[in-house]
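This report concerns only the one structure given below.
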Amino acid sequence: MSITNEQKPSIPVYILSGFLGSGKTTLLVKLIEHWKQQGLRPAVVMNELGEVNLDGQIVDEEVPMAEMLGGCICCTVRGDLGLQLADLIQEESPDVIVIEATGAANPMEILDAVTETSLYMRLELKSLITVVDAAHLSGLYQEQKGKTFKLMQEQIRCASVLLLNKTDRVQAQQLQDLEKLLNRWNGFAPVIPTVKCEVSMELLLHSGADVHIHQSHIAGDGSKNAGETHVHTEACRAHGCNHGHDHTDQRDSNHSSNHDEHSVKSHTSHEHVMVYTHYFSQPVNSEAFEQFVINLPRDVYRAKGILSFSDTASRFWFQYAYRESDYMKITPQGDVPNVAVFIGEHFDQTAIREQLLELEAVKQD
């Protein structure tokens, strides 16, 4: 370690993982408020699959934020993470950094990127927190198939602490079964049941402490006891998430032009995920839009956006996940267009677009 690193304290880094709609952004807001109350200056790296940083609109505008849009942080834009972290540190001098990854990301790739960056910057990875939607996991586990199920497994297995969220949407027996399931998939991470991510921040942050230290010990020696003290490495590798994706020998024509040598190969963990971003040319009727959201196909498992409605003066933030939708009045920061982002598996983007154009009463040229 250099003299500089010895004299200056390392900046703690927390990674927020979890499938789309699990509650990561809700937890992010609570973490930021917790750190601000302690007199700390938090900074955020926000990753979105879409072209617009919608989740970032919920975060206090005083909080420094780096945006990584239009791709998954663990593959398409992974190479930018080190640069974003460097810029945040040099320009904002934060006391703590939190990275919220897109719900389609495999956290091991992000963890690797952070640890690589920590080789030449004052960073210390403290915890990889995975937020799990209890009802969604219960439904997926009953089917036990599909790439979404596999991705959620990987996110759970690679966590240092698990927040089992939205427990009010499952029965007591289901909750017990889910806790046992999480312990079976990841015996190292404590499981904290929550509703709306309400949790003691001290408990949450303490539960995931020293992940980076444990991982360094394992990487540095071959001790047979290493597996007893680590949080991420051996358990993840045993379940196939050492590299975050199932890399194959076949190049993915949709990604290869933007990937470095490491990530040019197919990323099958979330290559099935589709994103459609719709920019509205004019306000739409609120009731008609709500009905449209209710009738979204099951292949669309996440949607969010900022909208102006023709029958109300306020602008609204809306989000949709696992057949549940929510609307909240919002005053966007800066010049934010009326936009909606839809994320799912192989859904008909043309049908979504046409329905929205009908709501706008705009004819296709």
Side-chain angles (χ1 to χ4, degrees), residues 19-22 47-55 57 67-73 75-77 102-105 136 139-140 143 145-152 250-259 266-311 315-327 332 336-365:
F19 203 69
L20 298 155
S22 60
N47 180 216
E48 291 268 21
L49 280 174
E51 302 168 3
V52 182
N53 182 9
L54 293 171
D55 288 342
Q57 294 293 324
E67 300 177 341
M68 303 181 70
L69 308 178
C72 180
I73 197 173
C75 57
T76 310
V77 294
T102 169
H136 195 182
L140 287 176
E143 296 182 5
K145 62 182 180 179
K147 293 179 180 178
T148 298
F149 177 64
K150 180 180 179 182
L151 175 58
M152 189 176 287
Q250 182 178 2
R251 291 174 181 261
D252 184 346
S253 60
N254 294 327
H255 293 77
S256 59
S257 61
N258 297 321
H259 279 45
S266 174
H267 298 281
T268 56
S269 282
H270 57 76
E271 64 180 0
H272 61 298
V273 175
M274 298 173 59
V275 181
Y276 172 59
T277 302
H278 186 90
Y279 293 93
F280 293 82
S281 61
Q282 61 185 45
V284 297
N285 178 269
S286 62
E287 293 184 3
F289 184 78
E290 288 179 21
Q291 191 61 46
F292 159 78
V293 171
I294 290 173
N295 294 327
L296 281 171
R298 289 192 173 274
D299 291 337
V300 176
Y301 44 67
R302 181 75 163 122
K304 51 191 171 182
I306 295 176
L307 293 175
S308 296
F309 292 118
S310 58
D311 50 339
R315 297 190 76 186
F316 283 80
W317 157 274
F318 93 92
Q319 59 179 342
Y320 165 90
Y322 200 58
R323 316 303 296 172
E324 299 279 345
S325 58
D326 187 35
Y327 297 81
V336 179
N338 289 320
V339 60
V341 177
F342 302 87
I343 306 171
E345 297 183 36
H346 303 298
F347 62 91
D348 189 341
Q349 298 184 50
T350 300
I352 298 292
R353 180 174 183 271
E354 289 178 348
Q355 291 177 59
L356 290 173
L357 288 175
E358 289 180 6
L359 292 182
E360 294 179 85
V362 175
K363 295 182 178 180
Q364 180 82 24
D365 292 333

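Along the sequence shown, residues are numbered consecutively beginning with 1. Just so you know, these numbers come straight off a predicted model, no measurement behind them.
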Q: Rounded to the nearest 0.5 Å, what's the gap from CG on Asn285 to CD on Glu290? Could you check?
A: 9.0 Å
Q: Mind listing the closest non-hydrogen atom pair of Asp311 and Glu287 along with its distance?
A: OD2-N, 4.4 Å
Q: Give, for atom OG of Ser286 and atom CG of Leu307, the distance between the pair rounded to the nearest 0.5 Å.
A: 10.5 Å
Q. If every non-hydrogen atom of Phe19 is compared with every non-hydrogen atom of Met152, which pair is closest and at what distance?
A. CB-CE, 3.8 Å
Q.
Strictly distance-based, threshold 3.5 Å: is any side-chain N or O of Asn338 a donor or acceptor partner for the main-chain N or O of Ser308?
A. yes
Q) What's the shortest heavy-atom distance between Val300 and Leu296, and which atoms? A) CG1-CD1, 4.2 Å
Q. Of the non-hydrogen atoms in Arg302 and Ala321, which two are nearest, and what is the gap between them?
A. CD-CB, 4.1 Å
Q. For Asp326, does its backbone N or O pair with a side-chain atom of Gln319 as donor and acceptor, under 3.5 Å?
A. no
**Q.** Tyr276 and Phe342 aromatic ring geometry - parallel, tilted or perpendicular at 30°/60° bounds
**A.** parallel
(Q) So, taking the atom named CZ in Phe289 and the one named OG in Ser310, what distance separates them when rounded to the nearest 0.5 Å? (A) 12.0 Å
Q: With rounding to the nearest 0.5 Å, note down the distance linking NE2 in His278 to CD in Gln355.
A: 11.0 Å
**Q.** ring pair (Phe, Tyr, Trp, His ring centres under 6.0 Å) partner of Phe309, the single match among Phe280, Phe316, Phe318
**A.** Phe316
Q | Shortest non-hydrogen separation from Ile352 to Phe347 and the atoms involved | A | CG1-CD1, 4.1 Å
